[in-house]
Amino acid sequence: MTSFGGAASSGMVDWDLAVTTATRLMRPGPEVSRDEARAIVAELREHAKASETHVRGFTRLGTDETHDTPVLVVDRPGWVRANVAGFRELLKPLLDKMQERRGTSPGGALLGTVGGKVTGVEVGMLLSFLASRVLGQYETFAPAPRDLPAGGPPGAPNGGGRLLLVAPNIVHVERELDVDPHDFRLWVCLHEETHRTQFSAVPWLRDHMQGEIQSFLGETDVDPMTVLERVRQAVQSFAGGRPEGEEDEDDGRSLVELVQTPTQREILGRLTAVMSLLEGHADFVMDGVGPEIVPSVTEIREKFQQRRAKGASRLDLALRKLLGLDAKLRQYRDGERFVRAVVEEVGMDGFNRVWTSPNTLPTKAEIAKPAEWVTRVHRKPEA
């Protein structure tokens, strides 16, 4: 196991314990022989490389020089280690503030140690749930643990990102759906390569998203008791514990959404729009490129959409709602409709004006009404 340093275990989150917990609780992957595993890894790498050309040609984004981020084929523990490293990097400013606040309170040091271990276990439980479900991921804010290299030093044009393909999960889903494994692996690579192209071909996108996320975290109450109270209220709303007569405006929101301030909700609205754009664009590219190079794409798309919609079990559905993953499913659907409508109206080059600057990104309202984005971005100057 990779150790992330002594500080990892002494702060608000025991990151090493998170990795240990997730690894212990995660489901075993599908059974494959050693030779099969080698062949699967080699094929995924081959498909990822081939996808670069297909995605660049269809989207008209990027060049050979922009694709200098690595593609890594990992197992479930590898995915967990990579994400713990990313979480630790992204959440460090917030956790440092909370640690400083806690350190000045009576018994703060002891509470911090105990709380860090509790939070480490909770993070590990969440990651163990997700580790068997993620097929691939472009890690936008990836640091570089020793066994999982990133794309370059801090400050490099691509910010050290990397593309992860989770081989056991891809094999599990292709078997579950009973689809052609070679077609399915290429289909997955097309989606994930689109994300890699988005961030490598649009240099400002990573910094913009990181700035929005840091602004979101900066608005978080750093008083631990305040945070706990707001989480308690959120849980009550899900458990039906809200006092009679109170407003129901928070019903239907995820736990993540319910612990936000008004300013955070504004920021989340902007982030939701960007994520809808990125996910919808990837789905649009899969549908656009797929028929030419993936013979069974229609069958794969239909079965995969059904799997997305129903979830694996009642527990899976409950956890998806609690964690806000249902919102991610809407992002795929709404974002794909936005991209399709804009491309039909102004063509691919007209759509690509979305990547010009943060000002040309769609708002949450424009995702739902693509014509409003077209009017705003493509309006003719007044005489």
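Values in this document were obtained by computation on a predicted structure and should not be read as measured data.
Contact check for His378 versus Trp373: side-chain heavy atoms found under the 4.5 Å cut-off. Side-chain atoms of Val121 and Leu17, non-hydrogen and from C-beta on, do get closer than 4.5 Å to each other. With contacts defined as side-chain heavy-atom distances shorter than 4.5 Å, the pair Val342/Val374 qualifies. Here the side chains of Phe199 and Met209 are in contact, with some heavy-atom distance below 4.5 Å. Side-chain contact between Leu205 and Leu278 is present, with at least one heavy-atom pair separated by less than 4.5 Å. Val171 places a side-chain heavy atom less than 4.5 Å from the side chain of Ile40. Side-chain contact between Pro370 and Glu345: absent, with no pair of heavy atoms (C-beta onward) separated by less than 4.5 Å. Counting only heavy atoms from C-beta outward, the side chains of Leu44 and Cys189 approach each other to under 4.5 Å.
A donor-acceptor contact shorter than 3.5 Å is absent between the side chain of Arg270 and the backbone of Glu212. With Glu366 contributing its side chain and Thr363 its backbone, the two residues share a donor-acceptor pair below 3.5 Å.
Taking CD from Glu174 and CG from Asp180, the interatomic distance works out to 8.5 Å, rounded to the nearest 0.5 Å. In this structure, OG in Ser132 is found 9.0 Å from CH2 in Trp79, a value given to the nearest 0.5 Å. Atoms CZ and CG, from Arg76 and Leu127 in turn, are 13.5 Å apart once rounded to the nearest 0.5 Å. Atom CZ in Phe304 sits 5.5 Å away from atom CZ in Phe184 (nearest 0.5 Å). Taking CZ from Phe216 and OG1 from Thr263, the interatomic distance works out to 10.5 Å, rounded to the nearest 0.5 Å. For the atom pair Leu90 CG and Thr140 OG1, the distance stands at 9.5 Å (nearest 0.5 Å).
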Can you check side-chain contact (heavy atoms from CB on, under 4.5 Å) on Val173 and Leu135, steps first, answer last?
CA-CA 9 Å; Val173 174; Leu135 301 182; 3.7 Å; yes

Residue pair Ile300, Val294: steps toward the side-chain contact (heavy atoms from CB on, under 4.5 Å) verdict:
CA-CA 9 Å; Ile300 291 173; Val294 182; 4.1 Å; yes

Show, in sequence, the C-alpha distance, side-chain angles and deciding distance for Val285 and Leu190, and conclude whether the side-chain contact (heavy atoms from CB on, under 4.5 Å) test is met.
CA-CA 8 Å; Val285 171; Leu190 287 171; 5.7 Å; no

Chi angles and distances behind the salt bridge (charged side-chain N to carboxylate O under 4.0 Å, His left out) call for Asp16, Arg81:
CA-CA 9 Å; Asp16 287 341; Arg81 290 196 302 273; over 6 Å; no

Go through it in stages, so that I can follow the logic: the residues are Gln198 and His195, the test is side chain to side chain donor-acceptor pair (under 3.5 Å), and I'd like the CA-CA distance, side-chain angles, deciding distance and then a yes or no.
CA-CA 5 Å; Gln198 290 162 347; His195 289 317; 2.9 Å; yes

Candidate pair Arg56 and Glu52, rule salt bridge (charged side-chain N to carboxylate O under 4.0 Å, His left out), full reasoning
CA-CA 6 Å; Arg56 287 205 308 267; Glu52 292 182 25; 3.6 Å; yes

Carefully, step by step, assess Glu193 and Met286 under the rule side-chain contact (heavy atoms from CB on, under 4.5 Å).
CA-CA 10 Å; Glu193 177 59 36; Met286 278 197 308; over 6 Å; no

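At a cut-off of 3.5 Å, with distance as the only test, a side-chain donor of Gln137 or Asn83 sits close to an acceptor on the other residue. Side-chain contact annotation: Arg133 with Asn169, donor-acceptor N/O pair under 3.5 Å absent.
For the pair Ile293 and Leu186, the tightest heavy-atom approach, listed with the atom from each and the gap, is O-CD2, 3.7 Å. Taking every heavy atom of both residues into account, Gly29 and Pro168 meet most closely at CA-CB, 4.4 Å. The minimum heavy-atom distance between Ala18 and Val123, with the atom names listed, is CB-CG1, 4.0 Å. Across Val339 and Gly280, no two heavy atoms sit closer than the pair CG2-C, 4.1 Å. Across all non-hydrogen atoms, the minimal contact from Met26 to Ser128 is N-CB, 3.9 Å. The two atoms that bring Thr360 and Thr356 nearest to each other are OG1-N, 3.4 Å, heavy atoms only.
For Arg333 and Asp283, the salt-bridge test fails: no basic side-chain N is under 4.0 Å from an acidic carboxylate O. Taking a cutoff of 4.0 Å between a charged side-chain nitrogen and a carboxylate oxygen, Glu372 and Arg376 do not qualify as a salt bridge.
A side chain to side chain donor-acceptor pair (under 3.5 Å) check over residues 290-299, counting only residues at least two apart or in different chains, returns the pairs Asp183-Ser296, Glu299-Lys303. Sorted by first and then second residue, the ring pair (Phe, Tyr, Trp, His ring centres under 6.0 Å) pairs with a member in residues 20-39 form an empty list; sequence neighbours excluded.
Aromatic ring pairs are classed by plane angle as parallel below 30°, tilted from 30° to 60° and perpendicular above 60°; the pair Phe87 and Trp15 is tilted.
Under the rule for a salt bridge (charged side-chain N to carboxylate O under 4.0 Å, His left out), the partners of Arg60 that lie at least two apart in sequence or sit in another chain are Asp349. For the side chain to side chain contact (heavy atoms under 4.5 Å, CB included) test, residues two or more places apart in sequence or in another chain that qualify with Glu43 are His47, His182, Arg185. Arg353 meets the salt bridge (charged side-chain N to carboxylate O under 4.0 Å, His left out) test with no other residue; sequence neighbours excluded. Evaluation of the side chain to side chain contact (heavy atoms under 4.5 Å, CB included) rule for Val71 yields Ala48, Leu163, Leu165, Arg196 as partners, not counting sequence neighbours. A search for salt bridge (charged side-chain N to carboxylate O under 4.0 Å, His left out) contacts involving Asp207 returns nothing, not counting sequence neighbours. Every residue two or more places apart in sequence or in another chain that forms a side chain to side chain contact (heavy atoms under 4.5 Å, CB included) with Ser276 is listed here: Thr272, Gln331, Ile367. Take Arg337 and apply the salt bridge (charged side-chain N to carboxylate O under 4.0 Å, His left out) test, not counting sequence neighbours, and it matches Asp334. Take Val41 and apply the side chain to side chain contact (heavy atoms under 4.5 Å, CB included) test, not counting sequence neighbours, and it matches Arg45, Val73. With sequence neighbours excluded, no residue satisfies ring-ring contact (aromatic ring centres under 6.0 Å, His included) with His54. Every ring-ring contact (aromatic ring centres under 6.0 Å, His included) that Phe284 has, sequence neighbours left out, goes to Phe58.
Ring centroids of Phe338 and His281 are separated by 6.0 Å or more, keeping the two rings apart.
Annotation: Met348, atom CE; neighbour count of heavy atoms from other residues, nucleotides and ligands within 6.0 Å is above 12.
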